[in-house]
Amino acid sequence: MVRISNSLTGDKDPFEPLEEGKVRMYVCGLTPYTDIHAGHARTYVAFDIVRRWLEHKGYDVIHVQNITDVEDKIFDHAAEEGVNPLQLAREEHAKAEALFDTLRLQRAHHWPKVSDHIQHIIETNQAIIENGHAYEAEGNVYFDVDSFESYGKLSNMDPDQLIEEHRDVEGEGKQDPRDFALWKSAKPDEPSWSSPWGEGRPGWHIECSVMATTIMGPRIDIHGGGRDLKFPHHENEVAQSEAATGKEPFTKYWMHTGFVTVGGEKMSKSLGNFVTAREVLEKHRPEAVRLLIAQTHYQSPIDFSWDALKDAERSLDGLMVPLERIHDATPKEGEQSHDEALLEAIEAAKSEITDAMDDDFDTPQAVASMHTLSRRINQYLDDHQPTKAVVKAIETFYAFIDDVFAIVPEERTVDGLEPELVDLLLHVRERAREEGAFELADEIRDGLETIGINVEDTSEGPVWRAA
RNA sequence: GCAGGGGUAGCCAAGUGGUUAGGCAGCGGACUGCAGAUCCGCGAACGCGAGUUCGAAUCUCGCCCCCUGCUCCA
């Protein structure tokens with residue numbers, strides 16, 4: 001049984017989806033106007049692992065991730081650059097999607113865009129007005145916070161206190177400072193659509209309610225996003241969705257990811273302390289990035305540093321050593337008495353990882369189990385030639401962790417390299433070593449290293465791989 | 001101010017009453033022509049103060065510090 005820390009209840013709740021065997025999952029996506037940074041990547045990797053785990057458990061997961069392509073920031077940015085806002089959003093989204101692929105994120109089943117859902121948004125706004133929870137004012141439509149009794153239930157905010165806090169918040173024709181826009185009247189030179197309230201465009205927040213419910217129905221299982229979206233974005237989503245459909249809870253399990261920080265402070269575009277996902281992936285393998293993220297629980301902050309990434313690279317290398325060793329080994333037929341203990345250790349590791357993941361996706365615990373098993377396998381391989389059954393079990397284990405975490409790297413290759421030539425060189429080097437010509441042997445090894453090939457001498461002879 | 005999350009060894013990070021977490025770095029050893037990898041061993045920890053308990057990182061109370069949210073935000 002999977003248990004999930006639920007922001008809505010404040011508890012770790014047993015996961016019982018609305019519909020047996022099926023999971024409706026919505027992850028707050030991008031407002032594409034510039035490069036995504038490490039913080040976005042963290043959230044998406046975290047939910048990628050959530051999805052992979054649920055799928056591993058046999059759930060049929062529908063994963064929806066929105067593209068907010070109609071939003072002030074895009075308009076502002078497009079105006080600065082002198083380009084078309086919708087075009088800018090399309091291009092930035094395409095760039096982000098390519099990065100997602102590199103990061104080994106499973107593609108969402110739906111990537112709904114606001115610009116494709118304007119009609120649905122208008123209809124939802126009308127429903128909210130009819131249900132008495134919104135009003136029109138000077139071409140704008142505002143959500144009537146005071147009419148929605150449970151406002152504040154997700155973010156644990158006191159609605160009365162919000163009145164004082166937001167005394168100064170402006171808005172054309174707003175009746176209450178807490179009210180927020182479902183529809184904004186058009187400004188010159190900005191994209192707009194016609195509506196019963198005149199030319200305009202959707203407010204921020206409403207798109208997520210509309211696209212989630214249009215695609216998945218009035219109630220969904222999991223809704224995720226960064227902690228910074230909890231208020232006001234997610235709080236407003238809850239209010240809008242429930243006000244429109246009359247069904248609650250809109251989302252059964254709300255999940256919020258911790259921030260990526262830099263020197264303890266939140267990484268954000270406005271602070272300017274960000275590192276783009278592209279920069280990170282230019283310097284590091286995606287699997288190392290994913291391991292770094294998995295080493296921290298999804299709710300805790302991750303303090304970003306290049307050193308931390310380097311550590312994760314080394315840690316990943318260590319984790320993958322057994323896999324490389326069995327690729328280099330020649331397995332033998334039959335059974336060996338000492339195989340039993342190793343096969344049991346592999347089963348034990350799987351079961352530990354399963355328990356950890358079921359417990360609110362405790363990836364750091366799961367990673368620890370992987371390391372422990374990796375050491376056990378190395379011990380075995382130090383002492384024994386593996387049998388085919390053992391090789392199979394190890395490969396199956398690595399396939400399992402790759403399935404759930406996507407952290408097993410492709411074997412590295414050097415472009416334009418003839419493996420036979422490397423083997424020939426190493427053969428010559430062995431001859432040199434036999435004759436004690438170590439200077440020549442080292443020259444060959446150093447030379448190979450400069451073209452990206454690492455040579456290691458083992459008791460079984462030299463092995464090489466791309467660095 | 002209100003609300004939430006945290007403070008665990010040099011760094012990162014699990015762990016909710018008794019049993020080695022784990023990683024990275026470090027030190028010693030085995031192996032090796034050397035290097036690397038691997039293995040074995042080692043050290044080092046629970047923010048502070050009281051309390052409960054046979055026993056507290058874990059429970060209670062008080063305090064200190066950090067981060068986040070309170071209509072830009074993954």
Side-chain angles (χ1 to χ4, degrees), chain A residues 7 10 27-31 36-47 71-73 76 152 155-158 161-162 164-166 168-171 177-181 204-205 224-233 235-236 256-261 264-271 274 277 291-292 295-297 299-303 305 307-308 310-319 321-322 324-325 352 356 359 362-372 374-375 377-383 433-434 436-439 441-442 445-446 449 454-459 463:
Chain A
S7 304
V27 179
C28 269
L30 292 174
T31 300
I36 64 164
H37 63 61
H40 301 94
R42 191 268 168 102
T43 293
Y44 303 145
V45 169
F47 283 105
E71 218 272 324
D72 286 345
K73 289 197 156 181
D76 294 348
S155 54
N156 208 12
M157 302 278 239
D158 176 359
Q161 198 192 327
L162 286 171
E164 293 184 27
E165 301 263 336
H166 302 298
D168 301 330
V169 174
E170 293 181 18
R178 300 168 300 178
D179 295 349
F180 54 91
W204 183 44
H205 315 306
R227 215 169 260 303
D228 46 0
L229 294 182
K230 198 167 169 186
F231 187 90
H233 186 59
E235 189 68 54
N236 290 353
H256 289 104
T257 51
F259 299 129
V260 171
T261 59
E265 299 230 300
K266 183 184 168 189
M267 178 182 284
S268 73
K269 285 179 185 169
S270 42
L271 285 174
F274 61 90
L291 182 63
L292 176 69
Q295 275 167 350
T296 304
H297 190 258
Q299 292 192 85
S300 301
I302 298 181
D303 202 51
S305 71
D307 278 348
K310 261 182 232 151
D311 282 358
E313 283 276 4
R314 290 193 193 110
S315 181
L316 180 68
D317 282 337
L319 217 43
V321 164
E324 285 166 6
R325 289 179 76 178
E352 275 172 32
D359 183 13
D362 190 349
T363 54
Q365 184 62 57
V367 170
S369 297
M370 291 175 211
H371 281 290
T372 304
S374 159
R375 167 161 303 174
I377 298 173
N378 281 323
Q379 285 168 347
Y380 172 95
L381 292 174
D382 280 355
D383 298 335
R433 290 178 72 208
E434 279 161 25
F438 296 120
E439 209 174 304
D442 289 350
R445 184 172 63 194
D446 295 347
E449 196 178 336
N454 281 344
V455 176
E456 282 178 27
D457 296 317
T458 74
S459 54
V463 293

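Reminder, nothing fancy here: chain letters follow the sequence lines and each chain counts from 1. Values reported hereafter were calculated over all heavy atoms of this structure, with side chains retained and with hydrogens, waters and symmetry mates removed.
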Side-chain N or O of A:S300 less than 4.0 angstrom from OP1 or OP2 on B:A14? yes
Ring-plane angle category for A:W204 and A:H233, please: parallel below 30°, perpendicular beyond 60°, tilted otherwise. parallel
Mind calculating the distance between NE2 (A:H371) and C1' (B:G15) to the nearest angstrom? 17 Å
Establish whether the base of B:A35 is bridged to the side chain of A:R445 by a donor-acceptor pair shorter than 3.5 Å. yes
In terms of side-chain heavy atoms of A:H40, which of B:G36, B:C34, B:A74 is nearest? B:A74
Output, in order, the C-alpha distance, side-chain angles, deciding distance and verdict of side chain to side chain contact (heavy atoms under 4.5 Å, CB included) for A:M157 and A:K230. CA-CA 11 Å; A:M157 302 278 239; A:K230 198 167 169 186; over 6 Å; no
Is A:D311 paired with A:R314 through a side-chain N to carboxylate O contact shorter than 4.0 Å? yes
Does A:Q299 reach the side chain of A:R227, with side-chain heavy atoms less than 4.5 Å apart? yes
Strictly below 4.0 Å: does A:K266 bring a side-chain N or O up to OP1 or OP2 of B:G69? yes
Counting distance alone, no hydrogens or angles: does the base of B:G33 have a donor or acceptor under 3.5 Å from a partner atom on the side chain of A:D442? yes
At less than 4.0 Å, is any side-chain N or O atom of A:R375 found next to OP1 or OP2 of B:G22? Yes or no. no
From A:S374 atom OG to A:R325 atom CZ, the distance as rounded to the nearest 0.5 Å: 9.5 Å
Which sits closer to the 5' end of RNA chain B, A:L30 or A:D362, going by the nucleotide each is nearest to? A:D362
Determine whether any donor atom in the side chain of A:S315 lies under 3.5 Å from an acceptor atom in the base of B:C24, or the reverse, and answer yes or no. no
Starting at the 5' end of RNA chain B, what dot-bracket string do you get if Watson-Crick and G-U pairs under 3.5 Å are bracketed, crossing pairs use [ ], other-strand pairs use | and unpaired bases use dots? (((((((..(((.....[...))).(((((.......)))))....(((((..]....))))))))))))....
Could a donor-acceptor pair under 3.5 angstrom be found where the side chain of A:D383 meets the base of B:C39? no
Of the candidate nucleotides B:C70, B:A14, B:U38, which contains the atom at the shortest distance from the side chain of A:Q365? B:A14
Heavy-atom nearest nucleotide on RNA chain B taken for A:K269 and for A:F180; more 5' hit belongs to A:F180
Taking the side chain of A:Q161 as heavy atoms from C-beta outward, which of B:G36, B:C2, B:A13 is closest to it? B:C2
On the side chain of A:R433, is there an atom forming a donor-acceptor pair with the base of B:G33 - under 3.5 Å, no angle test? yes
Is any side-chain N or O of A:R178 closer than 4.0 Å to OP1 or OP2 of B:C70? no
Taking only N and O in the side chain of A:N156, is any of them less than 4.0 Å away from OP1 or OP2 of B:G4? yes
Base, sugar-phosphate, or nothing for A:R314, non-hydrogen atoms under 4.0 angstrom? sugar-phosphate
Indicate yes or no for a side-chain donor-acceptor contact from A:E71 to the backbone of A:T31 under 3.5 Å, with no hydrogens or angles considered. no
Supply the atom-to-atom distance A:R178 CZ to A:Q161 CD, rounded to the nearest 0.5 angstrom. 11.5 Å
